A.B. asks: 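Handing you a structure now.
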Protein chains: 2
Amino acid sequence: MAKASNGALSASKVYNNYVSVDCVIFGFDFTRLQVLLVDRVMTDPESGAVRFNDLTLTGNHIYEDEDLDAAAARVLFDLTGLQDIYLEQFKTFGSPHRISKENDRAWLRANGRNPDQRIITVGYYSLLATDNVTLEWKGRNVQWMPVDEVKSLAFDHLEILEEALAALRRKLLHEPIGFALLPEKFTLSQLQRIYEVILGVSLDKRNFRKKVARMKYLVPLDEKQKGVAHKPARLYVFDRDQYEANRKDILDFAI
Amino acid sequence: MAKASNGALSASKVYNNYVSVDCVIFGFDFTRLQVLLVDRVMTDPESGAVRFNDLTLTGNHIYEDEDLDAAAARVLFDLTGLQDIYLEQFKTFGSPHRISKENDRAWLRANGRNPDQRIITVGYYSLLATDNVTLEWKGRNVQWMPVDEVKSLAFDHLEILEEALAALRRKLLHEPIGFALLPEKFTLSQLQRIYEVILGVSLDKRNFRKKVARMKYLVPLDEKQKGVAHKPARLYVFDRDQYEANRKDILDFAI
DNA sequence: CTACTTAGTGTGTTTTTTACACTTTAAAAT
DNA sequence: ATTTTAAAGTGTAAAAAACACACTAAGTAG
């Protein structure tokens, strides 16, 4: 796991033209899982008419003196203003024919780039609470879209998104990354919601609670929610030390 | 999962100088898990004296018109002569300071390369039966070494090996990659041995058999081992169609 | 004080995990 | 022929986990 650092400030400003990072930024709001997408509008240079208008993930070339993790953190920072966000490298994409659709080639040409120059891109995903983000990005239009409504994206970004989502789900099943989405003190219903929304399943409340009750690093407080218009829930904290210490490496092969 | 193809023959021969692949080739022989390493000897150009002699993983730059998976397959082919081998991309390494040890820098200079030129390398691991491989490689010395005896490697290759091993173990626990190590017809003891050796654990025979008995894609034959100096074991085959069909996506989070 | 909303709780059943030791079958050795 | 050697194969009881399922409790809003 990489944490965003202030690499944005320290990296030299010479781009490596062969390698980029792409960030799949997942946003969670207890209702659905969304992904942050950037509008791509191509207008005819003569008439000004819109030739196409679609969506991309966000990415950028790495700087020559910049670590991959740092580049991903920078891309995330540029788009969201957020630092120290959970970021995970999941796969590198490097097919020589990554860019083959005519729209994509035209767009690259219009931006002074050679569509035949293959770029290797290292895929990262991050996971954050949607409402931590104020969308505003250098005049370009940025939007959240529920992951299951994304039907097409520019370049090979749909494939990248699908791989990212699969990696995120795998990770969520085996490591406590969901806590990044919660306030320090949270309720079990909130925790359950994370699993339900991200995995796209529904879970039985009683069985869920029985399961997490076994986890020593989930510490109940003598404290309750306040100001809710129903029975207030008990609050819990995640004890990372306890987790690291007792993390039994689970041997349970399902072949 | 990528399968080695004959990309070695079709790729154009212009190297991309910024991107390489490194292959961690794991060899299994029912006794231990080994890794294939290449001798690196640096001699003083004047005196001919050996300046150092250590070990590396094997890797190479990608060709400009070559897919990453194909490049990894090519590297594997060049070293082992094997094609269509299980190969898995697991992580990309790109720290600007990947090459910092003086031996490594000297070695690159001696080979006409700039040690300050950062190379992004995409890590792949493969898993094969040791005795499928005939070691011989263009005069360079290639050797198997048990993974737990590898204490240091050139460049950042020890880190790459460690990450590969962790990825291999994770994968083995969740997908049927072990069957690549078995003949078409195999015994349950052989299968068990794969898990024991690669995961570094020992498993109870009865419990293991109970567990795999539930797996429909493990098909018992009316056929036994021949010519063994003890009770011959029943033979089994792995039914991939059955596996693909019944592969229930397991929801069992251990947070 | 009633309605509404979410929190919180228990039981019985089935499945899975775990720990554990002796008999069987073949070839090899005598 | 008989014995030795080596790995195959098998069952049971106990504990833990998974699963299905429905009502009561505690707050705020009106």
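For the numbers below, each heavy atom of this structure counts, side chains included, while hydrogens, waters and symmetry mates do not. Below, chain A is the first sequence line, B the second, and so on; all start at residue 1. Bear in mind the structure is a predicted one, so any value in this text is a computation, not a measurement.
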A.B. asks: If you assign A:D204 and A:G227 each to the DNA chain D nucleotide with the nearest heavy atom, which residue ends up on the more 5' nucleotide?
C.D. replies: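 The residue closer to the strand's 5' end, by nearest nucleotide, is A:D204.
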A.B. asks: Only counting residues at least two apart or in another chain, list the ones meeting side-chain hydrogen bond (donor to acceptor under 3.5 Å, both in side chains) with A:T92.
C.D. replies: B:T92
A.B. asks: Using the side-chain heavy atoms of A:R206, tell me which of these nucleotides is nearest: C:dT17, D:dC21, D:dG9.
C.D. replies: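 Among the listed nucleotides, the one closest to the side chain of A:R206 is D:dC21.
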A.B. asks: Would you name the heavy atoms of A:Q190 and A:T187 that are closest together and state the gap between them?
C.D. replies: OE1-N, 2.9 Å
A.B. asks: Within the sub-3.5 Å range, which N or O atoms of nucleotides 24-26 of chain D have a protein N or O partner, and how far apart are they?
C.D. replies:
| unit_1 | atom_1 | unit_2 | atom_2 | d |
| --- | --- | --- | --- | --- |
| D:dA26 | N3 | A:K231 | N | 3.0 |

A.B. asks: Suppose we screen for side chain to side chain contact (heavy atoms under 4.5 Å, CB included). Which residues come up paired with B:P146, at least two apart in sequence or across chains?
C.D. replies: B:R32, B:Q34, B:D148, B:E149
A.B. asks: For nucleotides 11-13 of chain C, print each protein N/O atom paired with a nucleotide N/O atom at under 3.5 Å, atom names and distance only.
C.D. replies:
| unit_1 | atom_1 | unit_2 | atom_2 | d |
| --- | --- | --- | --- | --- |
| C:dT11 | O4 | A:K210 | NZ | 2.7 |

A.B. asks: Which pairs pass salt bridge (Lys or Arg N to Asp or Glu O under 4.0 Å) with one or both residues in residues 201-218 of chain A, sequence neighbours excluded?
C.D. replies: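 Non-adjacent pairs meeting salt bridge (Lys or Arg N to Asp or Glu O under 4.0 Å): A:K211-B:D252.
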A.B. asks: By nearest nucleotide on DNA chain C, pick out whichever of B:K211 and A:L235 is the more 5' one.
C.D. replies: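 This one resolves to A:L235.
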A.B. asks: From CZ of A:R193 over to C1' of C:dA7, roughly how many Å is that when rounded to an integer?
C.D. replies: 15 Å
A.B. asks: Can you measure B:K226 atom NZ to C:dT25 atom P for me and round it to whole angstrom units?
C.D. replies: 17 Å
A.B. asks: Would you mind classifying the nucleic acid contact of B:R209 as base, sugar-phosphate or nothing, using non-hydrogen atoms under 4.0 angstrom?
C.D. replies: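 It contacts base atoms.
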A.B. asks: Is the gap between the ring centers of B:F238 and B:F186 under 6.0 Å?
C.D. replies: no
A.B. asks: Which of residues 181-190 of chain A sit near DNA chain C, with a heavy atom under 4.0 Å from it?
C.D. replies: A:S189
A.B. asks: When you measure from the centre of the six-membered ring of A:F155, is the NZ or CZ of A:R40 closer than 6.0 Å and no more than 45° off the axis?
C.D. replies: yes
A.B. asks: Ignoring the backbone of B:A233, work out which of D:dC21, D:dA17, D:dG9 is nearest its side chain.
C.D. replies: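 So the side chain of B:A233 is nearest to D:dG9.
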A.B. asks: Of all the heavy-atom pairs spanning B:R234 and B:P220, show the shortest one and how long it is.
C.D. replies: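 For B:R234 and B:P220, the tightest heavy-atom pair comes out as CD-CB, 3.9 Å.
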